[in-house]
Amino acid sequence: MSKIYIFYRKMDPVVQEQVRKSILTLGNQQPDKVLSMCQDYLLKHPKLVVGHRVVILQTIELVVKSRIDDISYPKIKSVIQLASDEMTKSKEVVPEWQQAASNILVAVGNKYINDIMEEILGKFQPGVLPHFFVVQTLANLSDSNVYGMVPFLNAIMGTMLPMLGMTKQDNMKWVFSSALCRFSESILEYLANLDKAPDPTVRKDTFSSEIYSAYDILFNSWIQSRESKLRLTVAEALGSMSHLMAHDKLEEQLPKLLPTILGLYKKNSEHYIITKSLCQVLEASVNMGSRVLETQIDGLLLALHQQICSPVDFSNPPTVKNHNEVLRCFTILANTFPDRLMVFVLQRLENSNERNRMGSLAVLRHLINSSTSIMETKKLLILASIRQPLADHSNKVKKRVVQVISAMAHHGYLELEGGDLLVRFIIQHCALPDTYHRGQRPPDPEEVTNEALRSMCDNTLHLFTTTVGRLTDVLWPMLLCYLTPNQYASATTPLCKSLILLANKKRAAQEASFIINFNAQGVDTHTYGHDVTDEPSPRLRAFPLSDLKTPWNHTFCLLGSVSFLYRCIGVILQQCYNKELVRKQLQEILISTRHNDAIERTGVAMGIGLCASSHLNGTLEKLEEFGKSDAFRKASGIFGLLKDKNDVDVEKMKSTLILCYGYVALHAPEDQLLTRIDSDILQNISKNFNTKVKHIVTPLYILWFKSIIVVQKYSSYWLSSGQDHERERAVKTTAELLQFYLDNLSVKNLVTFHNLGALVGRLSPRCTDPNPEVRRAAIDCIYRLMYIQLRYEGTDCFFIAQLGLTVFLKLTLFLPLHSLCLQQLSTLLFMLFDGLVDSQSNCSRASSVILNTLLKNRGAGLQDLVPEMLEVLHNRLQVIGEEQVKVAIGQSILILATQHLQTVVNTLVAYPLPYDSWSCEMWMALGADSTLALQIMEMIIEKLNVMVPYVDKKESMLRPGLTKVATSQPLAMTCALREMMLNGQSADAVAYVFPKLFSSLLVRLGSSVGVQLPKDLNSNSIISDCKTTNKMNVINFDVCGVAVEALRILLGRAQLDAVMKPLDQEGAWDKMKDPQQHTTGVTLAMAKHAGPRLPAIVEGLCPSLCNIYECQRITVTAFFSELLNHHVVTELMILDMLMNNMMERITDTCGTVRMLAVRGLGNIAVGSPEKVNKYAKELLAAMSSGMEEKDDPGKLITLEAMSGMSKILLLENSVLASMGFLLLYGFTQRSIVMFCQENDEIRCASIMLLGNLSKFGSGEPVFKDQIHNVLVSLLLHLSDPNPQVVKACKYSMRICAPIVGSEQISAMFQNHLLEEKGLHYGEFINDLTKYLIQDFPGMLNFYHITVIQFFKSNWAEIRASAAMFIGKNNNNIYFF
């Protein structure tokens, strides 16, 4: 074996593989012997390279797997021991090596599980973190040998649970999470197959307690990890574990668990594991009959819909798996919440966004296929809703529609009313033209070309014909009727193939329906695909226009129906581009018509109407010209050559003309018609209309209905007039028009009633009008509109008649909410916006109620309209005086925010600054819902923490330096927070998020000090007419003031009156805005009463200490510095955190930050004196460093260091005692320089520090000399012009007195140098010099030299004292 492996190492990889296979072949023949050889080789070569060890271990694994039944038990035991040792030999994780060893144990464990567990559990002991691969092996064993492992799992998890809390490393967290996932899956498989299990008494509750304990750690701690791989593994484990949790525990956790899982979508690019986990949680919740799940359904549907709308990359398996898991989630929800799910999906179909619509269609198709019984009652609703996607222009959407239609065909949808429209859709797309010329390829490989879509529809039609037997009677004879219309000419081949198959099937079965008599009564071609007014086939279009010159009667006799031929001529003229020829033929038609023949008259009108769809202007001109001709004044003459003058009746000609205008209105393009209907159509009709022709002009209902639009346009003033009679007339006129239209309505093809939204929006508020007549007429209007809508949707008239008024009114309430298309809905909403400013308060309130109801039920699909709706509401607020309506508008904004939070916030933030009162009202409205307010606040806080607060700009080339200019968005968000917190109902949200909010606003305050407004403040405003702002408002708008005001409102809303009162009394708010006093303002009383909230506040502020903005670091350091001045930081156990941060800041690049950090370190002596001993060395080192600071122009750091050192030295401390002498010696070397500083505070602090250090110098000869070095300086500063310096000198000299070495001088210092007592300086110096001469004669010369230096002092008092000292000293020397 050794020789084999020696050669093996030198071999080519291909030869190596052959050698390995040869060894495996030997192992299959003599497993024990080969295993022994492998084992011996590994034991003899402990330093063998990892790669070769892995090869040998893999060989052992393969032999064990293939011949485990033939291996002796002793050899199995030795293999187990070998693999276990190899796996745990290295404490470091070496995946390839240790995985190979682990795989051996798993392979053996498939048969010898007890022996494996005995070995593994020996290395899985309580209280000690196991090796990574010990846990991994347990996980793999539970996967490969379910029935052997499950009995051990309860004990394994009992041992594992304490380990979870000890785990700190991410890789161990990952392996524990993975193991828990595998354990849960094994338990579930075991329970699902209890009939095969060795112990059928095992129950789910056996594991519930351990699973929940593990869940608690994974969910509350590990899932927040920054490591993406760990988060996903934890999520996967939580999904599997949810099935094993006790029902009450799972129910309790669902409101937190589901949002957390959904939140992972934003944090991870890989979504499959998240969706799989979500699916398992949903399945577990549904299985236990959760009631909480219903409260989460809206968020679930939105998140799942976003996932289903994500593009699927079929070359990337995880995206395909994720797509399938999302569909599985929809299936689970469909079984529990079918109605809500269907309303959600069908509403999303109305969204014209390509991705949204494709995702919704994918869900719909899946539900049709997977939830047949549930969808049975929804068939008609689905058929009605699928119409909108039919009109989509995107081929990708059309492809999904074809897939949905295919699914519907297999489940009986196409046999229902409206199914023929779906068949027509398939046939239409069988006739698509090519997108590219032959040989060309699309630039985008994902593009769905016309060729691909056409091929798909061809195959679908063939599938309908061959495999969906129930469609035979639907397709036959319907498909025959698609052979003649020109638009289906390119679909002839697939149509004929299908017709041949259908015909053969019918004929073979000898069905009576095989023979079709189209002339028989009851056979209506409208039912089978097209109207007789559709574009004719090419053969009819080939009819030569020159033949129109032949006698009309003869032509009609040759070609058949007169009416039909006139329509054909209209279609031909519709396609003609020669305007002169069109005018000529229209003239000939009008003068050649037999006006007495009602059928011919109708055919002419229809033909002219069809022509008007392409030639509106020319047609109207020709009709007007015909109406002014002599024929309408004389009954004979003009037609004498063609027919007898007695046959022509002027009244009949007028009837023809009016009919022509009616059909022109029917077919004319809507965008052109509205500008012409009043001046060119209605006016000309009124000239010719009288009672004699009234019975002939019923087709004019088309024109009358289109005139409703005009009436509504011009009657909007009267509908909301302040005069009762004007409103009454306007509403009654509308009611009559609608009734006339309804009486004459005949729907041949299912179409959308586009004007429903506008009409309902105008009329519905009038249902609450104070005038009873107006109310009754308005209700009649709504009734008739809903009746018309139902007719357009294809509801049977008899069915409508049988409904009864009560049921019908319920339907009318339901229809606007669930049946309106997006266009109708948006029109309705904007009409209701107009109703908010109605002259009648009842009606404006009604508009608000209807508006909010609509938004609640349909607002989720209106994301694209949200900015426009908010702008309209903003405008309406400016003119509304009714308080109740204002409240309702606030509710509208809340509803929109609930459905489209990000869009609403982004839109309102972009409003012009400073916010006007109406914008403020809108923000305040968002604070009314504490849950929503909490989400918005967290969103804004997150953005404020990462946004650039200001930019440095050079304002003028003449002025040096840069100016801080605020950025607009953070400023706007601060204003938004201020307004939201003004709403008292936001108190709960503020309380919940207070630490984060306080931290964010404090940092924002620091970023605002000394910052100016940008000149182009509202350059990015979304309201175009508000780009300029009132100058007076801007003058009063202060960047820092906004942040201060927001912070003040926050403290008030949080009911921190104990903080507010001292801040108000000491003028802290103004100080915060002053760059010179900002740090003082921030520290005033802020830390005294914050209480338990402080740890979270500190945690939130810590990241800002490393920010690039000095101003933010200054503010936070000042706040932390003040916190250390209070004992509360020790009580709340945040002292260590603060101290560590302060120690880091003493090396900050900003001098102010370093100064504040030194101040904070000194404050610990006041706030937590008992902790000084713990930090003594660090504190003294920091203070010493501060006193030696070179980059300290104003000596502020030095001052704080000396002040802090004095505070610390006042405490009795063993560490200080050991270091005090060294500090004293070092400081006295520099003290004379400090004593001469012009800054009074530095002189005072340095002198005080000398005194405090002196207590550590007693008995040290060296220090006695140092005291004498500074003694003269101290004596002279007893006459310092600053009283505080004088007091400091007295204090220090009293403390130093015992060290001087003279009992008389010491007694003199103690008796005369008292702070509150005055001092006669001349007498004191006179007496003192006597003692100096007497006790220290050798120092006199040094004293003189030192005193002379003070003759150059900046202070006259010091110079005078120096002269006095010399004089007194010399005088006393003379006497001695």
Side-chain angles (χ1 to χ4, degrees), residues 1-90 94-123 131 133-134 136-149 152 196 198:
M1 189 70 180
S2 299
K3 292 180 180 179
I4 292 174
Y5 276 100
I6 289 170
F7 286 116
Y8 181 85
R9 283 183 268 180
K10 302 178 181 179
M11 292 176 186
D12 181 85
V14 177
V15 180
Q16 286 181 352
E17 182 62 24
Q18 290 298 325
V19 170
R20 201 162 71 90
K21 288 181 178 179
S22 299
I23 296 173
L24 182 59
T25 303
L26 289 172
N28 288 333
Q29 295 173 357
Q30 299 185 38
D32 279 29
K33 192 168 185 179
V34 170
L35 290 175
S36 297
M37 291 168 60
C38 293
Q39 186 174 359
D40 292 343
Y41 187 80
L42 288 174
L43 293 173
K44 290 177 182 178
H45 300 83
K47 296 184 179 180
L48 187 66
V49 295
V50 170
H52 296 147
R53 298 189 83 86
V54 170
V55 171
I56 297 172
L57 292 171
Q58 288 174 343
T59 304
I60 294 173
E61 179 197 354
L62 291 172
V63 172
V64 169
K65 277 185 175 178
S66 59
R67 301 301 302 275
I68 192 167
D69 294 329
D70 301 322
I71 302 171
S72 65
Y73 182 70
K75 182 52 62 183
I76 288 290
K77 292 288 287 183
S78 66
V79 167
I80 292 172
Q81 186 62 51
L82 171 72
S84 176
D85 292 343
E86 289 287 322
M87 184 176 72
T88 57
K89 185 176 293 184
S90 171
V94 186
E96 192 178 6
W97 174 22
Q98 292 158 350
Q99 185 65 61
S102 174
N103 291 344
I104 295 172
L105 294 173
V106 174
V108 175
N110 287 328
K111 183 174 182 182
Y112 298 98
I113 188 65
N114 291 332
D115 297 284
I116 290 292
M117 293 308 297
E118 181 182 350
E119 175 63 28
I120 294 292
L121 293 179
K123 300 183 177 183
H131 193 280
F133 271 95
V134 169
Q136 180 78 348
T137 303
L138 289 172
N140 292 338
L141 279 168
S142 70
D143 200 17
S144 66
N145 188 354
V146 172
Y147 299 115
M149 273 295 290
F152 291 99
K196 302 177 185 177

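This chain uses plain numbering: 1 for the first residue, then up along the sequence.
- Contacts classified as salt bridge (charged side-chain N to carboxylate O under 4.0 Å, His left out) and involving residues 105-114 (residues at least two apart or in different chains) are given here: D69-K111.
- With no hydrogens or angles considered, a side-chain donor-acceptor pair links S84 and E119 at under 3.5 Å.
- Of all non-hydrogen atoms in I71 and Y112, the two that sit nearest each other are O-OH, 4.2 Å.
- Residue pairs meeting the salt bridge (charged side-chain N to carboxylate O under 4.0 Å, His left out) criterion with at least one partner in residues 79-89, sequence neighbours excluded, are R53-E86, D85-K123, E86-K89.
- Between I113 and L141, some side-chain heavy-atom pair lies under the 4.5 Å cut-off.
- Atom SG of C38 sits about 13.0 Å away from atom NZ of K33, to the nearest 0.5 Å.
- Under the 3.5 Å distance criterion, the side-chain polar atoms of N140 are left unmatched by any main-chain donor or acceptor of V106.
- What you find for A100 and L57 is that their closest heavy atoms are CB-CB, 3.9 Å.
- By the salt bridge (charged side-chain N to carboxylate O under 4.0 Å, His left out) test, D40 pairs with no residue at all, sequence neighbours left out.
- Considering all non-hydrogen atoms of both residues, T88 and V134 come closest at CG2-CG2, 3.9 Å.
- With rounding to the nearest 0.5 angstrom, the CZ atom of F133 is 8.5 Å from the CE atom of M87.
- Between the OG atom in S90 and the NE2 atom in H131 there is a gap of 6.0 Å [rounded to 0.5 Å].
- Taken from CG in L138 to CE in M149, the straight-line distance is 5.0 Å, to the nearest 0.5 Å.
- For A83 against A101, the heavy-atom pair with the smallest separation is O-CB, 3.4 Å.
- Considering only residues two or more places apart in sequence or on other chains, D115 meets the salt bridge (charged side-chain N to carboxylate O under 4.0 Å, His left out) condition with K77.
- Residue L48 holds its CG atom at 11.5 Å from CG of L43, rounded to the nearest 0.5 Å.
- Here the side chains of N110 and I68 are not in contact, with every heavy-atom distance at 4.5 Å or above.
- Contacts of K75 classified as salt bridge (charged side-chain N to carboxylate O under 4.0 Å, His left out), with partners at least two apart in sequence or in another chain: none.
- Evaluation of the side-chain contact (heavy atoms from CB on, under 4.5 Å) rule for P74 yields S72 as partners, not counting sequence neighbours.
- Note that the OG atom of S36 and the CG atom of L82 stand 10.5 Å from one another [nearest 0.5 Å].
- For the residue pair N114 and E118, no side-chain donor N or O sits within less than 3.5 Å of a side-chain acceptor on the partner.
- Nearest heavy-atom pair across K65 and A107 is CG-CB, 3.8 Å.
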